[in-house]
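Written below as structure tokens is the structure these notes are about.
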Amino acid sequence: MLDLSYEAPKPKVIAGAKHDWELVIGLEVHAQVASKAKLFSGASTKFGAEPNSNVAFVDAAMPGMLPVINEFCVEQAVRTGLGLKAQINLKSAFDRKNYFYPDLPQGYQISQLYHPIVGEGEVLVDMEPGIARLVRIERIHIEQDAGKSIHDMDPNMSFVDLNRTGVALMEIVSRPDIRGPEEAAAYVTKLRQILRYLGTCDGNMQNGNLRADVNVSVCLPGQYEKYQDTQDFSHLGTRCEIKNMNSMRFIQAAIDYEAKRQIAILEAGGEIDQETRLYDPDKGETRSMRSKEEAHDYRYFPDPDLLPLEIEQGWVDDIAASLPELPDAKKARFVKDFGLSEYDASVLTADTANASYFEQVASDTDGKLAANWVINELFGRLKKEDHSIEESPVSPAQLAGILKLIQKGDISGKIAKELFEIVYTDGGDPAQIVEDRGMKQVTDTGAIEAAVDEIIAANPAQVEKAKANPKLAGWFVGQVMKATGGKANPKAVNEIVATKLGQ
Ligand code: ADP
Ligand code: MG
């Protein structure tokens, strides 16, 4: 694999009234495992089902029901760990996190506090070509999701939907290595991309399948670097945690607001209370939800219903061997094999569907030409109709067909765009369409010369002007292109016009 060399971005600096401040951010991302069944029951995880229709007895915490671990979910956590180059712990264990909530009928959440299944890993967060931040992952643990309380359907009652209760989540905890709002969004974007490549989480943020708790503190410039290599960040500023963010835009806005709020308090001589806050997108501000609870508030203890989770190295190795090519490797390969810019390679590897489409086109044509057409023409056209690449009416083979005609000199770039539109709307074989509609470029210099002669003869005044001012030759080129229905080879026309005008 190629290593793309990169430089770390500068941390975001926020000017205070007294001096500058820097941001320190750590994220806890909850990613729903792409599993059809829940973590400890066979109930379906299908989104949008009739409320309380996907609830097994164990999800509803009926007396005497026992959880049974879903091996597929464990496999996805291991896969995710391997994809984040993380330590896989062959022994892990489940703990009960006790708290009362109407949509948590057990009265506790089954999670992994003391022995998570995945240890330290890393995510390379791309900011712009050549600039990236390596964000360290502290751990990934598996846990149950809670249900959903609905407070806005009735003025007097609240409702509870237990469909989501017991769905498997992977909680991916980062070190506080993120240094600005844009970086935080880029981190979530990259993490989401890796999860989608791995197939372990669908990354659908709108449905809440990927959400982030965002921890924010501020410090004096240079402070973070002092503690960067330790795992103890308690000497940095006190942090607040903004819960349950599921939009990249809101994550950035919330961090911005939160940083300014903390700076104002600190500069006025106050102290930051470590607390859990909620972001209100309508007001664009965060507000306190509860004071920060400590691990001991939850009375964590090992879940007596579940044996410690032991997995075998051989099984982990098999999963490792089945990992797909991941975004960084794919991007590096695209740069190397197809001669693409890092930017183009990033766009084309944003998801596997784009990447595979491009590769099919490029395998048969020129890489740069293919990248240019996929990004500018195809993506642009699909976007107009809000279509995904899977819905593209132009197949990779058809697009490659168009590009081959350009490469052979059969059609100009301009005609190629017309041809693309025809294939997009009517379908068909590009070479056949060019043949049938007589769209082939005229490269026959005799025919072009005749057209040039005709226009020169008809426009003596223009000829005099062009002889005095060579820039006006363009007018003749335009006329010839018009007369030939855009089919004349533009390079040949330029040359012939220049010669005939004596330039
Ligand atoms: P707790 O055990 O109280 O939840 P953790 O140490 O597990 O605290 O940290 C939770 C999250 O907060 C992690 O993502 C971590 O990176 C982040 N974090 C820790 N210290 C800070 C800090 N000073 N500023 C911002 N984020 C922080
Ligand atoms: Mg924690």
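Atoms within a ligand are numbered from 1 in the order they appear, just like the ligands themselves. Everything numeric in this text was worked out from a predicted model, so none of it was measured.
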For ligand 1, note which part of V24 has a heavy atom under 4.0 Å away: side chain, backbone, both or neither. both
Could you tell me whether a side-chain N or O of D177 sits under 3.5 Å from a main-chain N or O of R136, the two making a donor and an acceptor? yes
The one among Q274, R139, R239 that brings a heavy atom closest to atom 18 (N) of ligand 1: R239
Report yes if some N/O of L236 lies less than 3.5 Å from some N/O of ligand 1; otherwise report no. no
K97 to Y108, cation-pi by 6.0 Å centre distance and 45° axis angle: no
In terms of ring plane angle, is the pair Y298 and Y300 parallel, tilted or perpendicular, where the classes change at 30° and 60°? perpendicular
Is ligand 1 under 4.0 Å from a heavy atom in the side chain of T238, in the backbone, in both, or in neither? neither
Suppose I only count heavy atoms of G237 and a 4.0 Å limit; which atoms of ligand 1 are within that range? 23 (N)
Go through ligand 1 atom by atom and flag the ones less than 4.0 Å from a non-hydrogen atom of S217. 22 (C), 23 (N), 24 (N), 25 (C)
Taking only heavy atoms of V173, which atoms of ligand 1 are found under 4.0 Å from at least one of them? 13 (C), 14 (O)
Indicate the ring-plane relationship of F250 and Y279, choosing parallel, tilted or perpendicular according to the 30° and 60° boundaries. tilted
4.5 Å side-chain heavy-atom contact, H115 and K91: no
Only heavy atoms count here, so choose which of E138, E241, R175, H235 is nearest to atom 7 (O) of ligand 1. E138
Taking distance alone, with N or O pairs closer than 3.5 Å, would you say V216 contacts ligand 1? no
Could R175 and F233 be counted as a cation-pi pair, given that NZ or CZ must be under 6.0 Å from the ring centre and within 45° of the axis? no
Which of the numbered atoms in ligand 1 are below 4.0 angstrom from a heavy atom of L27? 14 (O)
Just verifying a value: how many Å separate E122 CD and L134 CG, rounded to the nearest 0.5 Å? 4.5 Å
